[in-house]
2 protein chains.
Amino acid sequence: MANLKQLAQSLGLSITTVSRALDGYADVSAATRERVRDAAEKAGYRPNASARRLRRQRAELVAVTLPSDPGHIGPPHFLDMLSGCAEHLAAAGLNLVIAPVPRGESELEICRRFVDGRRVDAMLLVRTKRKDERVEFLQSRGIPFVTNGRTESPVPHPYIDGDGFAGFHAATLRFHADGHQRIGHIAGPQEYYFAHVRRMGWQAAMQKVGLQASLCCEGPPTEQGGYLAALKLLSQPSRPTALICATDEMAIGALRALREVEGGSQIAIIGHDDLSMDAFTSPPLSTMRMTGGNLGASFASLLLRAIAGEPAEDLQELHPIEFVDRDSHRRPPIAA
Amino acid sequence: MANLKQLAQSLGLSITTVSRALDGYADVSAATRERVRDAAEKAGYRPNASARRLRRQRAELVAVTLPSDPGHIGPPHFLDMLSGCAEHLAAAGLNLVIAPVPRGESELEICRRFVDGRRVDAMLLVRTKRKDERVEFLQSRGIPFVTNGRTESPVPHPYIDGDGFAGFHAATLRFHADGHQRIGHIAGPQEYYFAHVRRMGWQAAMQKVGLQASLCCEGPPTEQGGYLAALKLLSQPSRPTALICATDEMAIGALRALREVEGGSQIAIIGHDDLSMDAFTSPPLSTMRMTGGNLGASFASLLLRAIAGEPAEDLQELHPIEFVDRDSHRRPPIAA
DNA sequence: ACGATTCTCCAAAACGTTTTGGGAGTCAAG
DNA sequence: CTTGACTCCCAAAACGTTTTGGAGAATCGT
């Protein structure tokens, strides 16, 4: 309720002394420090955030841009991640603001507004593209940032990502080990790094075991996208006997397609993300997910270290992907 | 990159004039206004947010506190709601910051920090309790706020809520019309307004049709809570033939219990929230959901109007609940 | 031609904090 | 008695904006 000036006046001290007493500087006597702190406590004094921010030249804020493009919002567990991140940032005196992208504006626009208006000390980027203009912009401005997902940027930047290549590579080999030969891939939009790298993992594995990586169909990373892609693959002359989907949402769409097509229920399928609904689909959807504990905490830590000036090379986390064994991947290869 | 002073200097104008030119005041000539705006554009000038906030005595921020208590995060579609809300607030120059509650601290603590530090112009509260200390605090401070869910506060405040009473009342009557007599209720923690009012709706309907409202069990609003509550109700000497659950999460837990108990699959069940996974449970979960379009936009609008000083009475929205007809509620009453 | 009005512009204050660069006073050593 | 070190405190500047209260010049009405 009160301000530093009033508090100082009521104590017969200068603003300087009160400020320094509260901040625990050694150049104010223990006696006055106590006196000041008692008074501040009693008055319910909290420093005015805007004033502090102006003076310290720090926004005490970190922004995360929410993608709204593909109709659906970001990665799974996204809110949990944000919440964890915000909690850990708060412990360091930073708050997390969410920066949605209004229709008609680009994510770059938003970054610019936040950065040039000195509204944030750092940014958190999700859904990176292989060539991501936001990353280029932030690098040119020298603003600390961390991305969820890698990019193909020539200059390194902090990120946290799952090793999608290895995950999809392993999944493909697993199907092959089960005897599958016609292993199809339902891919996400290839401008996204995660989608591209997952496709590459599948492709490399197919090549490794000497199979043609031809059964691939790309679509938007949504249920509908997966549905349509699956229908297309199933209409091929030589159908796939197993399907690897870029995301669980697409996999769920593909499941719908499988139910509608004769013999579709014979086809093995696996997704990626471990959505909470996977346990309830029929059949329960086998999937993969990134390992590593509290993702939000990791992001917060990386952000803080980036703000502190640690080099980008030290701020890159690539987490292994683990297999989540439910049921949908257990379908024997259909005899030709 | 630049500030007002540099811009003014480079133009040979005063800071005042530049500021007013950019803000479009009439007391600067059209010619200079253009000149200033061109220069500002070219320099990529954006006003420093902290400075503006300090001077205008507005934080340009709205905080939403994320409950983290029951292990699980808030209502369904929560992130979509936040995103929509943030988008509409942004159009009015406000940003949304998320304020998680660190372990060991109360939500009240967080409110206090944000409000007394002048960090926000308004707050958005979710998961209100019948007697909510956050509401009392904000009312005492005179800070604009909107809650998601009503409270029993004697002084009115802005809110958006679903008419849980009517929804659960109607659901109960629907079961009764189907011939059910032993209609049980799995209730959420009664200190939450939503949980209480839903139980009241069930109770009132039971009373209305002359049935005993005795088959009720309360638990935490989680899958596990629903599971345990259902087990308890099923172990009663006279089992329910239909179950109304306070939330879908609890209903999903209850479904698990039904599968484990002999004859459980004969029992009709309905939840509330319309989680995306409801379509995939077996059987697909019938449920209810709040009507009304973009919830986030409504919250944003109410927040802005509250900030503008409209009286609380004009800022209360009670939305009807609609029935979502899937399959789980279609079970004939078991003959006794 | 002269006061009144309108047009443009500006100096300075204010927002509330943190930080710089001392300034008194005290005390012990020289 | 002087010097230096130390302790405790403070005045003033600075952060970058918005807003107040005019000031000077040009224009208008009479």
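Since this is a predicted model, take the numbers as computed values, not measurements. Hydrogens, waters and symmetry mates are skipped; everything else that's a heavy atom, side chains included, is used.
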Centre of A:Y193's six-membered ring, under 6.0 Å away, within 45 degrees of the axis: is that where NZ or CZ of A:R150 sits? no

Is the closest side-chain heavy-atom distance between [X] and [Y] below 4.5 Å?
{"X": "B:I160", "Y": "B:M290", "result": "yes"}
{"X": "A:L96", "Y": "A:V64", "result": "yes"}
{"X": "A:P221", "Y": "A:R127", "result": "yes"}

5' to 3', nucleotides 13-20 of chain C under a 4.0 Å protein heavy-atom cut-off (B base, S sugar-phosphate only, - none) gives BBBBBBBB

When rounded to the nearest 0.5 Å, the distance separating OG1 of B:T147 from CZ of B:F299 is 7.5 Å

CG (B:L22) and CZ (B:R37) are apart, to the nearest 0.5 Å, by 7.0 Å

Rounded to whole Å, the CD-C1' distance (A:Q9 to D:dC10) equals 15 Å

Residue pairs meeting ring pair (Phe, Tyr, Trp, His ring centres under 6.0 Å), one or both in residues 119-159 of chain A, sequence neighbours left out, come to A:F145-A:H157

So the salt bridge (charged side-chain N to carboxylate O under 4.0 Å, His left out) pairs with at least one residue in residues 305-316 of chain B (sequence neighbours excluded) are B:R305-B:E310

Between its two end axes (five pairs each) the helix from C:dA1-D:dT30 to C:dG30-D:dC1 turns, nearest 10 degrees, through 60°

What side-chain donor-acceptor pairs closer than 3.5 Å can you find for residues 49-62 of chain A, not counting sequence neighbours?
unit_1, atom_1, unit_2, atom_2, d
A:R52, NE, A:E60, OE2, 2.7
A:R53, NE, A:A59, O, 3.1
A:R53, NE, A:E60, OE1, 3.4

In numerical order, the residues of residues 26-38 of chain B whose heavy atoms come under 4.0 Å of DNA chain C are B:D27, B:V28, B:S29, B:T32

D:dC10 OP1/OP2 closer than 4.0 Å to side-chain N/O of A:S14: yes

With A:D132 as partner, the option from A:R134, A:R130, A:K129 fulfilling side chain to side chain donor-acceptor pair (under 3.5 Å) is A:R134

